[in-house]
Chemist: 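Here it is: the structure, laid out below.
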Amino acid sequence: MSSSQPIRVLNVAEKPSVAKAVATILSRGQLHTREGRSRYNKIFEFNYTVRNQQCQMLVTSVTGHLMEIDFEDRYRKWHSCDPVDLYHAQIKKFVPEDKLDIKRTLEEEARWCQWLVLWLDCDREGENIAYEVVEVCSAVNSRLNIWRARFSALIERDIHEAVQNLARPNKFLAEAVDARQEIDLRIGASFTRFQTMLLRDAFVLDFAGEERNMILSYGPCQFPTLGFIVERYWEIQAHEPEEFWMINCSHTSEEGTAKFGWMRGHMFDYTCAVIIYEMCVQEPIATVTKVRDQQKNKYPPHPLNTIELEKRASRYFRMSSEHTMKVAEELYMSGFISYPRTETDGFSERTDLRAIVQEQRGHPTWGMYAQQLLDPGVGLWRNPVSGGHDDKAHPPIHPTKFSAGESGWSQDHRRLYELVVRHFLACVSQPAIGAETTVEIDIAGEQFSASGRVIIAKNYLDVYPYESWGGSMIPKYSFGEQFTPTALTLDSGVTRPPPLLSESDLLSCMDKAGIGTDATMHDHIKKLLDRFYATKDANTHFSPTNLGEALVMGYDDMGYELWKPYLRSQMENDMREVSVGRKSKSQVLDSCLQQMKACFLDARVNKAKLLEGMGIFFDRSSRRGGDEQQVGGGVVGPCGICHESDMVLKRKPDGNFMVGCSGYPQCRNVVWLPGSISEATVTTQVCNSCTPGPFLRIQFKFRSIEIPPNYNANHLGCVGGCDETLKELIEICGTGSRNPPANIPGLVKIIIPVSAARGRGGHTSSSTSAQRGSTRQGVCTHCRQTSHSSNDCPSQVSRSQSVPPQRRNTQNGETSIACSTCGTMCGLRTANTETNRGRKFYSCQSRVCKFFVYAKLFLSADMGCYVCFMDIFQKTGHTWLSFKIIGSKKRRGNKKSNLRWEDSMGNNSGGSGANNSSSRSTSNPRSNPRGRGGHGRSGGRRGQSTTDTTFVSATGDPVSRRCFNCGDPSHFANVCPNR
DNA sequence: GCAAGGTC
């Protein structure tokens, strides 16, 4: 089929570079270029034949998304609506100001075209952009025949095939992105407004400069990224250093030294380790049980994609991912490297790799290597192995133009270009080859191994100096050979916490959890720094700031995993379902937004948790408070001070209630209510006593554990002045802003009755009759009985069954606490261990019990869990200690191995074993029993002073025959009756 | 003033 009139075809690509590449390939370089409305997006013109039809081709581009979404204007202002309304607010899709030029170009060109061919990237976002282009073009030309070109690489064959096999765009793919955009916007905007308005003005956040403009953003990508950082930080904080023990063996001969490692690794049980060590020392002859020689290859990396580029630039040059992408973008724009935003880590078979190598032959540093690669005689070439990722749009990052360094390049430009070139040359090279020898020996039934490596051919390592492959020689051994170790030592070590996350680690976490895309991951990381949620040190390690930790802690306390990656993963799954047509866009939107709205409302109800989290790290602000400060409530009665406005029940951000004049700030009349109130509702019952009225009564609900037991948790009260019970509870419980965390799941309260109540501030002097009774007249604070003191109150014992009653020590005016386990007083001390040096902690002074709590540090108590010490405070005449349980205690290692000594050593205990060992030791011609004193390590680090037992190397000092546990020479430790 | 996703 052919026609005399050529078809006018408007081709639109996702970016200018693709438009140019497509036009150049299709026109074979015979094209005319003209300007469009946008200076970046040129228009290329040429003639082409599509399936025998003459076409007049116009190729132009957009720059990514042409449109944005946002709320309708009436919802744009933060105070225009309740943030929860953002789950239903109308959303508009529009072309933003900076894209109007591109829109005009499309409109002008589409008017006189018959076909529209969409050359957007072949992924979900590309398909969505395709529909944005369709919307703009169809609006001016409804007769357009709309086609989609699908290509997997910008190479001739693919592009020609794509244009000869045009398809229709896929609505499902585009709708998946629509859903993603809408969900991100609604969740992000609602939570951001909520937490910013709640927290910004409630606390002193002076690190951020102008606090008023500070935004505490929430985003479904940025929060899980923060979550990774906080989680690692908590893991480090919770780490409890544990001492472990290992046996090391070395053997030196004329050929060199071999260091043999214990194949058990290490043991946490000192007793076991010492007994095994003792056994080895008694029979120190080593027998070679295995010699294995094999060739080992170290393979070059896969071709480079964006995430690997960012990770390697961070590891090798400590460049931030954001800076790396900026430099890579510049190198790409000036033509030196290929498109830097790619997931692909394998080259297409059709790529002319040798041509790329050929270009690098003239480089003064790696040119020679490039030449060798191309020489078949050298045999250095190897086709690159794919890493298995393919975005179907871009090749792996590779050099596209030779440069020995440009004058305008910074050091980072040079380093990044060099990395791209060296990486490319490496991945078309042979692996490094090494010869590895592994030797295993047996000493008294214990296995040890050593290995050595010799590099035979460095191959790709010659051009890739960023990686090394260490190797050392060991002496030659043969199977069955016996020797006496030169040294056999029992060494100790201490477990260390994992390191803080590096930028490379963080990118890996995000990649694995599907947080962000290769083009946006660095943006999410940067956002955490910009929002003061995290900091990065010189070694690219991330720590959460107090703000970041407080936010995560707050949401964690609520029981929501908004800071974990699962929410995003779930969304990604839903998007996938939409993109293949298994679920509809509206179905996913409805269910996801409904779920998130419920979560949002619940978070708002539980906002006290966020405030508590923030309260741990920040001081309260003296400002009037944020937009969220006063919520709920109802009119209680007329204001008796200004006589103009009403007194209204309100709840403050810290969760406490107040009744204040609605004429504030002109009128400052206020009644502060007890901090122990969990709920308060204005009823319709009018108080008959208070004037001038009418005053409505308020139904209060108190947290029973925070009020004395003889008070009713449900109280119908009045704030007009007649309610004595309310007055008493105000005095007992106080109304201050720094109340303890509420009695919520996850918090353990340890009740520490005081012998001499020391209330907060002025409350002691104006204490209620109940308090006075307990402190001066010997009446129990809890139940007001005189038969016992508050220390022994049965009501308290039954209430805190898991924690015995404690005492408070007021010595030196310091608040001490009693151990929750054994009752002994705990003293405040300063830690001196490597990881916790300088931290204050409470420790049981009994030296038997292991109760200890670090101030704001997680440690294990005998409760068998990690706890976070939150606060010590006084309330209702008691000292309270609140903790948060943050996880169950994990104990590492200490495998219950089948220790042979249980049998053999037990039978051999006593004199005969000693004689055997002694004779072997001295009969060994290579040993020098007493002449090399000091070489052996004392194994009795823990028990040496009390057991008088020393353990030494086979070449060194004598071995004591006494039990190291109790010092008795009649038996060995494994059968010690005192153990 | 808010998200995340394109790209210059």
Side-chain angles (χ1 to χ4, degrees), chain A residues 13-19 38-42 61-71 75-81 83 85-87 89 91 93 95-96 98-99 101-102 120-121 123-133 174 176-197 200 208 210-225 306 325-326 328-330 332-334 339-342 391 393-394 510 514-524 526-527 530-531 562 567-568 571-572 575 593 596 600 626-627:
Chain A
E14 190 159 320
K15 42 191 162 275
S17 61
V18 174
S38 155
R39 55 187 285 232
Y40 300 112
N41 306 84
K42 315 277 185 212
S61 56
V62 287
T63 45
H65 277 286
L66 185 58
M67 296 180 164
E68 282 178 9
I69 61 164
D70 207 340
F71 299 108
Y75 298 100
R76 298 276 287 277
K77 290 265 179 216
W78 281 36
H79 297 89
S80 64
C81 66
D85 296 342
L86 299 178
Y87 284 91
I91 284 177
K93 194 165 191 176
V95 179
D98 61 340
K99 299 283 176 74
D101 284 344
I102 299 172
L120 286 307
D121 291 355
D123 53 22
R124 284 206 306 246
E125 296 294 334
E127 210 68 16
N128 190 272
I129 300 169
Y131 276 88
E132 294 173 356
V133 172
V177 173
D178 283 341
R180 195 267 307 150
Q181 287 178 335
E182 191 174 328
I183 291 168
D184 284 348
L185 177 64
R186 292 190 192 278
I187 296 175
S190 58
F191 273 94
T192 300
R193 289 185 191 183
F194 158 66
Q195 65 185 28
T196 303
M197 292 195 285
R200 182 177 57 191
E210 183 49 68
E211 290 175 44
R212 282 261 160 214
N213 297 329
M214 187 181 182
I215 290 170
L216 305 180
S217 63
Y218 174 86
C221 285
Q222 51 180 275
F223 250 58
T225 307
T306 305
M325 289 312 289
K326 188 170 172 286
E329 186 75 37
E330 286 163 8
Y332 160 66
M333 294 302 291
S334 47
Y339 189 65
R341 288 189 284 268
T342 175
D391 62 14
H394 309 287
M510 295 170 75
I515 302 298
T517 66
D518 51 304
T520 61
M521 281 181 189
H522 64 274
D523 283 335
H524 301 311
K526 184 169 181 290
K527 186 151 277 180
D530 292 345
R531 297 282 191 226
L562 291 168
L567 177 67
R568 192 72 189 172
M571 274 167 62
E572 277 297 321
M575 297 310 108
L593 290 174
M596 283 311 295
F600 176 82
D627 311 75

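Because the structure is a prediction, the values reported are computed rather than measured. Note on naming: letters A, B, ... go to the chains in the order of the sequence lines (proteins, then strands), and numbering restarts at 1 for each one.
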Chemist: Can you measure Glu68(A) atom CD to dG5(B) atom P for me and round it to whole angstrom units?
Modeler: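 That distance rounds to 15 Å.
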Chemist: Taking any heavy-atom pair under 4.0 Å as a contact, classify Lys527(A): base, sugar-phosphate, or nothing.
Modeler: sugar-phosphate
Chemist: Whole angstroms only, please: what is the NE2-C1' distance between His522(A) and dG5(B)?
Modeler: 12 Å
Chemist: Taking only side-chain nitrogens and oxygens of His79(A), does any of them come within less than 4.0 Å of OP1 or OP2 of dG1(B)?
Modeler: no
Chemist: Quick check for you: among dG5(B), dA3(B), dC8(B), whose closest atom lies nearest to any side-chain atom of Pro16(A)?
Modeler: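 From the listed options, dC8(B) comes nearest.
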Chemist: So, OP1 or OP2 of dA4(B): does either fall under 4.0 Å of a side-chain N or O from Arg124(A)?
Modeler: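 So the side chain of Arg124(A) is outside the cut-off, no N or O lying under 4.0 Å from OP1 or OP2 of dA4(B).
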Chemist: Which one, dA4(B), dG1(B), dC8(B), comes nearest to the side chain of Tyr40(A)?
Modeler: dC8(B)
Chemist: Give me the ring orientation class for Phe600(A) and Phe194(A): parallel if the planes are under 30° apart, tilted from 30 to 60°, perpendicular past 60°.
Modeler: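 Correct class here is perpendicular.
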Chemist: Name the nucleic acid region contacted by Gly126(A), choosing base, sugar-phosphate or nothing; use a 4.0 angstrom heavy-atom cut-off, strictly under.
Modeler: nothing
Chemist: Report the relative orientation of the aromatic rings in Tyr218(A) and Phe223(A); use parallel for angles under 30°, tilted for 30 to 60°, perpendicular for over 60°.
Modeler: tilted
Chemist: Taking atom P of dA3(B) as reference, at what distance in whole Å does atom CZ of Arg186(A) sit?
Modeler: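 Rounded to the whole Å, the gap is 16 Å.
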Chemist: Do Asp70(A) and dC2(B) share a donor-acceptor pair, side chain to base, under 3.5 Å?
Modeler: yes
Chemist: Considering just the side-chain nitrogens and oxygens of Gln222(A), establish if one lies under 4.0 Å of OP1 or OP2 belonging to dA3(B).
Modeler: yes
Chemist: In whole angstrom, what separates Glu182(A)'s CD from dC2(B)'s P?
Modeler: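 Going from Glu182(A) (CD) to dC2(B) (P), I get 20 Å.
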Chemist: Which nucleotide wins on minimum distance to the side chain of Ile215(A), given the candidates dG1(B), dG5(B), dA3(B)?
Modeler: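 Closest nucleotide to the Ile215(A) side chain: dG1(B).
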Chemist: Roughly, in whole Å, what's the span from CE in Met596(A) to P in dA4(B)?
Modeler: 12 Å
Chemist: Checking contacts here: which listed nucleotide (dC2(B), dT7(B), dG6(B)) is nearest the side-chain heavy atoms of Ser217(A)?
Modeler: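 So the nucleotide nearest the side chain must be dC2(B).
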Chemist: Select base, sugar-phosphate, or nothing to describe what Tyr339(A) touches, counting heavy atoms under 4.0 Å on all strands.
Modeler: sugar-phosphate
Chemist: Please compare Tyr218(A) and Asp121(A) by the position of their nearest nucleotide in DNA chain B and report the one closer to 5'.
Modeler: Tyr218(A)
Chemist: Identify whether any heavy atom of Thr63(A) sits under 4.0 Å from a base atom; if not, whether one sits that close to sugar-phosphate; answer base, sugar-phosphate or nothing.
Modeler: base
Chemist: Using a heavy-atom cut-off of 4.0 Å across all strands, would you classify Arg39(A) as base, sugar-phosphate, or nothing?
Modeler: nothing
Chemist: Which atom pair, heavy atoms only, marks the closest approach of Pro340(A) to Met325(A)?
Modeler: O-CE, 3.8 Å
Chemist: Which of the following nucleotides, dA3(B), dC8(B), dG5(B), is nearest to the side chain of Thr520(A)?
Modeler: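 In terms of side-chain proximity for Thr520(A), the closest of dA3(B), dC8(B), dG5(B) is dG5(B).
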Chemist: Is there a side-chain contact between Ser80(A) and Phe71(A) in this structure, where contact means two heavy atoms from C-beta onward sitting under 4.5 Å apart?
Modeler: no
Chemist: Taking only N and O in the side chain of Arg193(A), is any of them less than 4.0 Å away from OP1 or OP2 of dG1(B)?
Modeler: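 No, Arg193(A) has no side-chain N/O under 4.0 Å of OP1/OP2 on dG1(B).
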Chemist: Rounded to whole Å, please give me the gap between CZ in Arg76(A) and C1' in dA3(B).
Modeler: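 Taking CZ of Arg76(A) and C1' of dA3(B), I get 14 Å after rounding.
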Chemist: I need the minimum non-hydrogen distance between Asp121(A) and Lys15(A), along with the two atoms involved.
Modeler: OD2-NZ, 2.9 Å
Chemist: Could you check whether any side-chain heavy atom of Met596(A) comes within less than 4.5 Å of a side-chain heavy atom of Leu562(A), counting everything from C-beta outward?
Modeler: yes
Chemist: Given that Ile129(A) and Tyr75(A) both sit by DNA chain B, which one's nearest nucleotide is further toward the 5' end?
Modeler: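 Its nearest nucleotide lies further toward 5', so the answer is Tyr75(A).
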Chemist: Is there side-chain contact between Arg180(A) and Pro220(A), with heavy atoms separated by less than 4.5 Å?
Modeler: no
Chemist: Indicate, with a heavy-atom threshold strictly under 4.0 Å, whether Arg531(A) touches base, sugar-phosphate, or nothing.
Modeler: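 Here Arg531(A) touches the backbone only, sparing every base.
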Chemist: At under 4.0 Å between heavy atoms, what does Ile69(A) touch on the DNA or RNA strands: base, sugar-phosphate, or nothing?
Modeler: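 Answer is base: heavy atoms of Ile69(A) come under 4.0 Å of a base.
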Chemist: In terms of side-chain heavy atoms of Glu14(A), which of dA4(B), dC8(B), dT7(B) is nearest?
Modeler: dT7(B)
Chemist: Output the rounded distance in Å from CD (Glu572(A)) to C1' (dA4(B)).
Modeler: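 It is 11 Å, rounded to the nearest whole Å.
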Chemist: Nearest-Å distance, CE (Met510(A)) to P (dG5(B))?
Modeler: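 After rounding, the gap between these two atoms is 9 Å.
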